[in-house]
There are 2 protein chains.
Amino acid sequence: MNLKELSELLNLSQTTVSRALNGFPEVSERTRERVQKAAKQNNYAPNKAARGLATGQALTIGHVISTTNQNEMVNPVFGDFVAGVGEVYSKHGYKMILSIVPPGEDEYQVYREFKAQSTVDAVVVQSPSVNDGRIEFLNELGIPFIVHGRASECTVPYAWLDVNNRSAFVRATDFLHDLGHRRIALLNGREHMDFAHRRRQGYESSLQSHGIKIDQSIVFSSDMTESYGYQRTAELLKIDNPPTAILTASIIVALGARRAVQEAGLTVGQDISIVTHDDRLSYFHNNADVPMFTATKSSVREAGQHLAEMLIQMIANPLMEPPNELLEVELTIGQSTGPAPSK
Amino acid sequence: MNLKELSELLNLSQTTVSRALNGFPEVSERTRERVQKAAKQNNYAPNKAARGLATGQALTIGHVISTTNQNEMVNPVFGDFVAGVGEVYSKHGYKMILSIVPPGEDEYQVYREFKAQSTVDAVVVQSPSVNDGRIEFLNELGIPFIVHGRASECTVPYAWLDVNNRSAFVRATDFLHDLGHRRIALLNGREHMDFAHRRRQGYESSLQSHGIKIDQSIVFSSDMTESYGYQRTAELLKIDNPPTAILTASIIVALGARRAVQEAGLTVGQDISIVTHDDRLSYFHNNADVPMFTATKSSVREAGQHLAEMLIQMIANPLMEPPNELLEVELTIGQSTGPAPSK
DNA sequence: TGAATTTTCCAAAGCGCTTTGGAAATAATT
DNA sequence: AATTATTTCCAAAGCGCTTTGGAAAATTCA
């Protein structure tokens, strides 16, 4: 069923039917209702390509994910973020195109194609690095975009929504310091990623403000896997002056850390404290009455929802200033922290 | 830059340019090269909507994810699966549309819209339940589709790619039996899901073939979260006749189980054995020299790649029989299993 | 009642591409 | 040289929609 058939069925012109469905004022309520009913009955909806061609709008937003090599991680946060974003898109009638860039291919080429083909109205940039080239590139290319996170070294204005990773890790480190910990290890994410860079800053800034010298031998940076948490923690427990507390970048890493601690016959929350960032992933509830981990919490799903709303506003209003939003985390106390053991 | 401009630039007709780019034989090699070069230089690519309208092809494949309620899990497998699928799509020039169905809305309505709007050429059905209504629905609607998994109670033919979950869990259970375990608990996924249903069958079939009566009090079914693994295991360790081995549905659940075991002061692989299914998620390497867990392994990312190839074949060849593919798992021995402790 | 205004509707153009049916130019055959 | 085949190209139609400019019908006003 297309517009022509529907309008013939109704004995109306295509114009009138189109206007009735698109809420134009110059069509009577009676006609509009008749049209809407017939459309529903015949399961009519305007052909996406035709509509896009006529309006110049794709009603589609692009997400580009680069898997630079075969073993590169798929960000575990990805699923929940996309779920949040996608809910909002569909409420506003937008579709999401997910483009996976295979190993060896050029992410920028995907954006160029998007532009040339008019596949999308806007783009979401995920996992920005400290000096992410995509921001300048997209600005030049002229595709509206919003960044989930920030790029510290980018000075031009651009739209972003970020968690305050710096203050989160200041607070986490301060908290451990308040508990008497003086030797605090950091199992960070890969520090070319902006969020990890900022967490490191927060960590160092807190230590410095307490007059503690930073010991690079207990600071690590890697993909956030369980085995990373396990390995580094196991090693840390064997050194001469082992840390009494560990700060980890995600629950997955924290689980690895906890495993190493338990295997060493120590108790988390007594012998060793662990504080982690918690993205509130749906398959890692950390919200028992007393949560498993003390954590800086921030729902990545809600971030996605919020970011999508911002982007849709930007599309509707192309001249607006790029919006920015900085979300603060909650610091919630769980079972994984306690006073530093006295020597 | 559109086709008209490009053809004027080249002093050719639009037809010739279009044919040159689309590989038609009736254009000379010299002309073709000239055209291709100019297209690349001017970053020309055919407008997606216009091309779709003209050809009737969307070059797009739909994935519909239902988040039935606010707290429902996002499947942790999702990210890796989508990465696998997406790589293949982009190699073949296909786009992936991801449609998140917000809580309270109707998944079927999304498919109806896909059909009415011709947004997609085909659809991937994820996480099928035992008697999944989508299969019949899509057959009637007339959208080509392939299922990741199967629906046990569906008798009509349809395209699918699945892991042999039944044989996987037969083998896992047999293996534990061989090690002397007689009391084997099962922490399954939600059993309305087909994969969990089949795993249960495999588990029971193995036990029965060894003459072991099934004890429903040590069989569980739930969302596959870490805390599920932890809770159930902690409870199991307290009952009168606790199991000596546990079969879990995913590494995430296994991690929870391991935590409970360690907290009880027991050792995994000695006091309690754990076997899990391992989807080879990129953020849970379980492939050390001796892996952390004994596991039935099957890469969900490779499954995605394979499934995408099948679907693209189906689109190219609409009359073919619905293809099916059953992948066998590897059973790899890790540190989490050992002989049953003698009483 | 006739003119002015508002409401209601329509024909047709255009979005950018593919593709049909043929024409012009070139090469091969008689 | 004349005819036939082949190569190379093009004008124009059509995909299904939105939207412009304007006409017809209904309503209001003088």
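Each chain gets a letter, A, B and so on, in the order its sequence line appears, and its residues count up from 1.
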Minimum-distance nucleotide to Arg19(A) side chain [options: dC17(C), dC10(C), dC17(D)] |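 Minimum distance to the Arg19(A) side chain belongs to dC10(C).
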Which nucleotide in the list dG16(D), dT8(D), dT8(C) gets nearest to the side chain of Ala50(A)?
->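 Among dG16(D), dT8(D), dT8(C), the one nearest the side chain of Ala50(A) is dG16(D).
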Figure out the [atom1]/[atom2] separation between [X] and [N], and round it to whole Å.
| X | N | atom1 | atom2 | result |
| --- | --- | --- | --- | --- |
| Gln14(B) | dG14(D) | CD | P | 17 Å |
| Asn11(A) | dC10(C) | CG | P | 8 Å |
| Arg30(B) | dT7(D) | CZ | C1' | 13 Å |
| Met1(A) | dC17(D) | CE | P | 10 Å |
| Arg51(A) | dT19(D) | CZ | C1' | 13 Å |
| Asn47(B) | dG14(C) | CG | P | 18 Å |
| Leu10(A) | dT8(C) | CG | P | 17 Å |
| Leu6(A) | dC17(D) | CG | C1' | 13 Å |

For Thr55(A), report the nucleic acid contact type (base, sugar-phosphate, nothing); a contact means any heavy atom under 4.0 Å.
->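 Answer is sugar-phosphate: Thr55(A) comes under 4.0 Å of backbone atoms only.
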Distance below 4.0 Å between [X] side-chain N/O and [N] OP1 or OP2:
| X | N | answer |
| --- | --- | --- |
| Thr15(A) | dT19(D) | no |
| Asn2(B) | dC15(C) | no |
| Asn22(B) | dT18(C) | yes |
| Tyr44(B) | dC17(C) | yes |
| Ser18(B) | dT18(C) | yes |
| Thr31(A) | dC9(C) | yes |
| Ser13(A) | dC10(C) | yes |
| Thr16(A) | dC10(C) | yes |

Output yes when [X] and [Y] qualify as a salt bridge under the 4.0 Å nitrogen-oxygen rule, no when they do not.
| X | Y | answer |
| --- | --- | --- |
| Lys91(A) | Glu105(B) | no |
| Arg134(B) | Glu107(B) | yes |
| Arg280(A) | Glu302(A) | no |

Smallest separation among heavy atoms of Val123(A) and Phe114(A), with atom names |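 Val123(A) and Phe114(A) have their closest heavy atoms at CG2-CD1, 4.0 Å.
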If each of Glu26(B) and Leu53(B) is mapped to the nucleotide of DNA chain D with the nearest heavy atom, which maps nearer the 5' terminus, i.e. the 5' end?
->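 Result of the comparison: Glu26(B).
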Closest-nucleotide ordering on DNA chain D, the 5'-leading residue of Ala54(B) and Glu29(B) =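 First, find each residue's nearest nucleotide; the 5'-ward one identifies Glu29(B).
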Pairwise 5' ranking along DNA chain C for Pro46(B) and Val27(A), keeping only the more 5' one |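 Result: Val27(A).
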According to the interplanar angle, ranging from 0 to 90°, do the rings of His63(B) and Tyr89(B) count as parallel (below 30°), tilted (30 to 60°) or perpendicular (above 60°)?
->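 Because their plane-to-plane angle is over 60°, the rings of His63(B) and Tyr89(B) count as perpendicular.
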Compare all side-chain heavy atoms of Leu311(B) with those of Met314(B) and state whether any distance is below 4.5 angstrom.
->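 Counting from C-beta outward, Leu311(B) and Met314(B) do come under 4.5 Å.
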